[in-house]
Chemist: 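Pasting in a structure now, in structure tokens, and then I'll have a few things to ask.
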Amino acid sequence: MRMYDIIQKKRDGNPLSEAEIQWFIENYVQGNIPDYQVAALCMAIYFRGMNLEETTALTFAVRDSGERLDFSEINGLRVDKHSTGGVGDKTSLVVAPIVASLGVKVAKMSGRGLGHTGGTIDKLEAIPGFNTDIPVDEFKKIVNRVGIAIVGQTASLAPADKLLYALRDVTATVDSLPLIVSSIMGKKLAADDDCIVLDVKTGSGSFMKTPEKSRELAEWMVQIGKRAGKRMRALITDMDRPLGYAIGNSLEVIEAIETLNGNGPKDLTELCIALAAHILNLAEKGSYAECEKLAKDAIASGTALKTFADMVDAQGGDKEWILHPEKFPKAKYEYVVTAKKEGYITGVDTESYGVASLLLGAGRNTKEDVIDPAAGIYLCAKTGDFVKVGDKIAVLYSEKESGFAAAEERLLNATRIETNPPKAEPLILDIVE
Ligand code: URA
């Protein structure tokens, strides 16, 4: 086979065979195909798309490109939850302890921030001492003992995705449906969980900007997961506004702790309870209504927060910070952004909010950037709120003052203020079984 022929075939809009897809992934991982040819193929896939059969073959090829994990030593049903990426999305930090406290095992491999979106691993690393790089055997022991562990993806898990993602990130080919499906599901299927609930984001802060595209993404991921023998469900949820008020790593951990304490923002709490209830329902813990009650009770009784603190302790972190979140240090500098106009906030460009937090140091602009855990944005007004001139819209946090002007400009340009209030939009738009 020749890579040239594969690129040409896709460029001309023809479906690739399973053998061609497997050949390309295997040879790319072995270093036999240069990045420029793979970049050309990604761009051809971006424009021409892939059908479900091709996308399934690509997903399985990514899954099989490295080590496949065996979690059979973990006692009981293993569940995972995965978000397609958003701004202020700290749901994993809340949902995973809730379900683990109710007896389903969470053996979770998470990612770092991508582009304007945050990542669970970066957030957890804001907790002093927390180790996200634990050998697989130790990881399985923690899951058996505590019910939950969250670590980063090992280097040997789906290496094809590591190469492809880095290339897509710099060739404007991230937001391609078959490439997102194979990236996310390739990694998920290389781990060994029984049930997977996907939080597929839609709107200005997500990779798929329309509900139609997000629904298609959800349907394909669910179908491919089922073909691989997993119990699957996907929720399509709104990312036309950040989730909760906190954007940035330690700010988000604090908000997750508040939510586990029963004092979280309404939208975040609603989504976390729904995701937890769907996971528990998929794990046959009861009807959806019963599982919703179980999830709410796990928060009210404090067991979910205790499980989170126990996980932090087991992974080398200081659990006192979870029980006393006031210990998280504030950033050196704060800057208040105020409204320049009176009216209702009728909508925001959520991606720009994510970019503003990157400018403050909460994410990476290059692979080498070191994250500032305390940097980020705390929103004081969100879509639907009425503001007067001079009212606080947000507080920006950073270790250096130099990012404030650009972040403020981004935030103000991204915030639409109008005379009439916006129509209230639901947080959960659809469920795909
Ligand atoms: N998350 C991933 O892991 N991959 C994508 O392509 C998009 C979001």
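In this text, all values refer to a predicted model and were calculated from it rather than measured experimentally. Every number for a ligand or one of its atoms is a count from 1 in the order of the listing.
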Chemist: What residues form a ring-ring contact (aromatic ring centres under 6.0 Å, His included) with Trp23, not counting sequence neighbours?
Modeler: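 Expected list: none.
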Chemist: Among Arg233, Glu292, Glu433, which residue satisfies the side-chain hydrogen bond (donor to acceptor under 3.5 Å, both in side chains) criterion with His278?
Modeler: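 For His278, the side-chain hydrogen bond (donor to acceptor under 3.5 Å, both in side chains) check succeeds only for Arg233.
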Chemist: Can you produce the list of protein nitrogen or oxygen atoms under 3.5 Å from a nitrogen or oxygen of ligand 1, alongside each distance?
Modeler:
| unit_1 | atom_1 | unit_2 | atom_2 | d |
| --- | --- | --- | --- | --- |
| ligand 1 | 3 (O) | Ser183 | OG | 3.4 |
| ligand 1 | 3 (O) | Lys187 | NZ | 2.5 |
| ligand 1 | 4 (N) | Ser183 | OG | 2.6 |
| ligand 1 | 6 (O) | Arg168 | NH1 | 3.1 |
| ligand 1 | 6 (O) | Arg168 | NH2 | 2.9 |
| ligand 1 | 6 (O) | Ser183 | OG | 3.4 |

Chemist: Do any N or O atoms from the side chain of Lys382 and from the backbone of Leu379 form a donor-acceptor pair under 3.5 angstrom?
Modeler: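 Side chain of Lys382 to backbone of Leu379, a donor-acceptor pair under 3.5 Å: no, none is there.
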Chemist: Between the main-chain N or O of Gly316 and the side-chain N or O of Asn131, is there a donor-acceptor pair closer than 3.5 Å?
Modeler: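 Absent.
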Chemist: Name the one of Thr117, Thr84, Thr237 that satisfies side-chain hydrogen bond (donor to acceptor under 3.5 Å, both in side chains) with Lys201?
Modeler: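 Output: one option passes, namely Thr237.
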Chemist: Taking Asp372 for its side chain and Glu399 for its backbone only, find out whether a donor-acceptor pair lies under 3.5 Å.
Modeler: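 Flag set: sc Asp372 to bb Glu399 pair under 3.5 Å.
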